[in-house]
Amino acid sequence: MRTTTPRRSAPRHSVPRRLVAVAGCLSLGALLSGCGSALGDDRNTVDYWLWDANQQPAYQECADRFEEDNPDLEIRIEQRGYDDYWNGLALGFVAESAPDVFTNHLSKYPEYVTRDLLLPLDEYVERDDVPLDIYEEGLADLWVGEDGRRYGLPKDWDAVGVFYDRAMLAEAGVDESTLDELTWNPDDGGSYEELIARLTVDVNGVRGDEPGFDPDRVETYGLWLEMTDGFNHGQTQYSMYAYANGWEATDRNPWGREFHFDDPAFQETITWWRGLIEKGYMPSFAAQRGVQSSDQLAAGNAAMVTNGSWMTGTFFSYEGLDVGVAPNPIGPTGQRATMFNGLADSVYRDTDNPEAAWQWVRYLASPECQRIVGAHHVVFPAITEAWEIAREEFAADGIDVTPFTRHVEEGTTELFPITDHSSEIAALMQPALEAVMSGRAPVESLNEVNEEINRLFE
Amino acid sequence: MATAAPTAPAAAGDDAPAPVDNPRPRWRGGETRAALLFVAPAMVGFLAFFAWPTLRGLYLSFTDYDLLTSADFSGLDNYRRLLEDEVFWNSLWVTLKYVAINISVQTFAALLLAVLIHRLTRSVVLRGIILLPYLISNVVVALLWYWMADYNLGVINEMLGWVGFDPVAFFGDESWAIPTIAMVNVWRHLGYTALLIFAGLQMINRDVYEAAAVDGAGEVRVFFRITLPLLRPVMALVMVLTVIGSWQIFDTVAVTTQGGPVDATRVVQYYIYDQAFNRFDFGYASAISVVLFLILAGVALAQLKLLRADESDQS
């Protein structure tokens with residue numbers, strides 16, 4: 001019996017050590033994958049990152065064309081999922097192994113500029129006489145920092161619209177041609193809310209605008225609510241209503257220093273939006289968490305979904321789902337509105353070959369490459385003639401994208417709010433907005449958050 | 001250090017003839033050197049990947065550091081901010097809730113499972129199957145359950161509907177989110193924990209059970225009077241390991257709820273990650289890590305003391 005004692009001590013030590021080793025490998029693995037992409041220090045190689053896998057074929061074609069013209073340069077494209085993308089980039093900056101050129105987002109680049117991580121492109125633009133007026137109006141200006149220097153050349157733009165299930169509209173007896181004339185206001189929701197109510201069906205088959213509708217047992221919601229992707233200034237959620245209600249997100253844009261989440265024009269919009277949940281026309285905050293809104297539309301859980309133009313391909317890819325796109329409704333301002341967001345390519349400041357990186361950025365922003373991107377019609381390129389190609393290609397597939405493009409042509413776009421401290425703002429606003437939408441906090445609770453956000457700029 | 005003890009009584013013996021040339025010290029010196037040689041690889045790993053990062057983390061917790069520009073010493077600022085940070089205190093509370101649900105359910109179920117295997121089967125295949133969920137990656141497990149528990153499209157709510165229940169927003173409801181995540185991890189770790197306990201059960205001497213059987217003790221009585229007391233050191237080890245692991249809950253949250261709804265699943269580790277990698281506030285994230293480190297060290301020490309893990313009741 002006594003012999004059992006020493007033997008027993010063995011597993012007591014070996015187990016944690018094994019765990020420790022596993023943990024070590026894991027963290028080491030994470031570290032390596034974070035900075036493993038740019039291990040080669042080859043002067044003739046330009047590393048390029050993007051996050052949208054759907055766009056990779058288009059950019060690979062650009063890269064092949066670029067390499068033909070520049071035989072001494074090689075473009076190495078790497079794609080990563082959106083969240084992983086920014087983490088990998090941050091680790092790359094720390095390890096000084098970030099990609100030479102990468103796709104940049106308006107919500108991220110101001111913080112990179114403050115930390116001196118991006119190469120200003122002004123001298124190159126001037127030297128090579130790069131025209132900046134070929135891009136859709138306003139897109140090139142987005143990438144001029146608060147310091148007046150340029151940190152990117154525009155690559156594409158996006159707008160928001162309403163995706164709907166055509167079969168459900170037909171079933172409800174709604175004429176699709178009326179969708180262009182929908183109006184909205186924060187008091188009774190206008191004809192837009194009437195449509196949402198009409199399209200909502202409870203488990204007994206009673207519609208939202210009919211007597212006896214049971215708002216607690218809804219089979220198909222008129223409009224889907226999607227709040228799973230973090231805070232992005234309500235881009236695809238509420239921004240189109242708030243802007244059409246005369247709201248301005250910041251005192252000026254870009255480089256605002258004061259947010260307006262305490263503005264009645266904003267808060268009455270949110271109150272109306274949340275009201276849809278109580279009426280049973282939109283899923284509750286708890287019920288919306290799960291698979292993405294396009295899946296919910298395909299599954300018949302919703303008749304309409306607000307989303308961005310970059311999702312067009314995804315929405316139209318479901319077998320057996322006949323999708324249409326409608327423009328956002330016209331608001332109290334007498335105009336419809338959409339958030340207008342544009343991406344650009346930026347150069348990492350510590351790139352080992354700034355000249356090659358610049359040549360690649362310049363090519364990405366050139367009509368030749370953007371026409372290739374337009375022909376792949378996943379997104380709308382920044383150059384007017386190139387996004388018109390995309391529009392035609394969509395039309396050839398039977399997809400009418402004018403609900404997005406008309407905003408650009410009619411000038412009813414509102415720029416994505418470009419400010420410093422965007423990650424802090426997101427960290428404050430997301431839980432606050434979730435508390436409001438889940439009914440736990442009143443809409444006025446956003447006043448306090450707004451003060452907190454504005455203190456960041458003092 | 002421990003190896004010095006056995007030699008002391010031998011040297012103290014009066015009658016022992018004092019050898020003119022004692023070979024033992026020299027031989028022991030060689031042993032120490034060999035031991036060091038064997039320990040060296042692990043030691044290098046420990047110093048490079050644990051000791052040094054820990055010390056650096058401790059230093060960074062006293063600085064204002066955004067990862068990309070150099071760290072500025074800021075004294076106790078981060079810790080002062082910590083005291084007033086409601087999100088941090090909430091994250092501690094959320095984590096505590098998670099640990100309580102996760103550990104209580106998991107330990108109870110694993111003990112039951114281990115005793116069942118021990119008493120009923122010798123099948124290696126069965127033991128292998130029990131371990132299966134542990135072999136699946138955390139992220140895959142989290143995603144699978146996330147889809148299965150989806151409010152609108154998930155199979156779990158579909159089945160609840162068959163028996164007449166309303167759908168439950170497992171990941172979307174503030175009161176359900178933490179219990180759901182805790183149960184997902186119980187599912188994954190149950191087999192592993194049960195196997196650890198099972199190993200402990202096998203070390204209990206069979207003679208004790210035979211004696212109990214001779215005395216006519218029933219199954220329940222045997223469990224409470226023999227199995228459980230003799231299992232105590234192993235249970236202590238299992239508890240220390242699982243509790244510390246449980247406190248470090250991160251991946252399931254990162255894959256499913258990302259801290260939401262509102263702050264319902266913003267566990268400490270996720271808050272640290274959020275501060276460090278989303279908000280680039282590495283100094284503050286380090287300060288939270290240091291506090292978490294102290295809490296975990298305290299918890300582990302308390303558990304070892306309370307459960308007297310270094311003593312056995314079996315002689």
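Labels below follow one simple rule: chain letters A, B, ... track the order of the sequence lines, proteins then strands, and each chain is numbered from 1. Since the structure is predicted, the reported quantities are computational estimates derived from the model, not experimental observations. Note: hydrogens, waters and symmetry copies are ignored here, and every other heavy atom, side chains too, is used.
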Mind ranking B:Val87, B:Leu153, B:Val168, B:Asn278 by heavy-atom pairs under 4.5 Å with chain A and telling me who comes out on top? B:Leu153
What I want to check is whether the side chains of B:Asn152 and A:Tyr221 have a donor and an acceptor closer together than 3.5 Å. no
Gap between atom CG of B:Asp263 and atom CD of A:Glu434 - 0.5 Å precision: 8.0 Å
Mind checking whether B:Arg266 and A:Pro431 have side chains closer than 4.5 Å, heavy atoms only? yes
What part of A:Leu117 gets within 4.5 angstrom of chain B, counting heavy atoms only: side chain, backbone, both, or neither? side chain
So what's closer than 4.5 Å to chain A heavy atoms on B:Tyr273: side chain, backbone, both or neither? side chain
Counting only heavy atoms not in B:Phe293 (residues, nucleotides, ligands), do more than 12 fall under 6.0 Å from its CZ? no
NZ/NE/NH1/NH2 to OD/OE distance under 4.0 Å, B:Asp166 and A:Arg217: yes
Intermediate values then yes/no, side chain to side chain contact (heavy atoms under 4.5 Å, CB included), A:Phe285 and B:Glu174: CA-CA 10 Å; A:Phe285 175 75; B:Glu174 280 185 70; over 6 Å; no
Test log, rule side chain to side chain contact (heavy atoms under 4.5 Å, CB included), inputs B:Gln258 and A:Gln430: CA-CA 11 Å; B:Gln258 282 111 33; A:Gln430 193 183 339; 5.8 Å; no
Within 6.0 Å of CD in B:Gln202, more than 12 heavy atoms from elsewhere: yes
Should we count CH2 of B:Trp147 as having more than 12 external heavy atoms under 6.0 Å? no
Counting only non-hydrogen atoms closer than 4.5 Å, does B:Trp176 touch chain A with its backbone (N, CA, C, O), its side chain (CB onward), both, or neither? neither
Is B:Phe171 close to chain A through its backbone or its side chain, or both, or neither, when contacts mean heavy atoms under 4.5 Å? both
Please determine, among A:Pro283, A:Ala287, A:Ser438, the option with the most heavy-atom pairs under 4.5 Å with chain B. A:Ala287
Between atom CZ of B:Phe280 and atom CD of A:Glu111, what is the distance when rounded to the nearest 0.5 Å? 7.0 Å
Only pairs of heavy atoms separated by less than 4.5 Å count here; which of B:Thr256, B:Asp281, B:Thr257 has the most with chain A? B:Thr257
On a heavy-atom basis, which atom in A:Ala286 and which in B:Ala169 lie closest, and how many Å separate them? O-CB, 3.4 Å
Can you tell me how far CG of A:Leu428 sits from CZ of B:Arg279, rounded to the nearest 0.5 angstrom? 6.0 Å
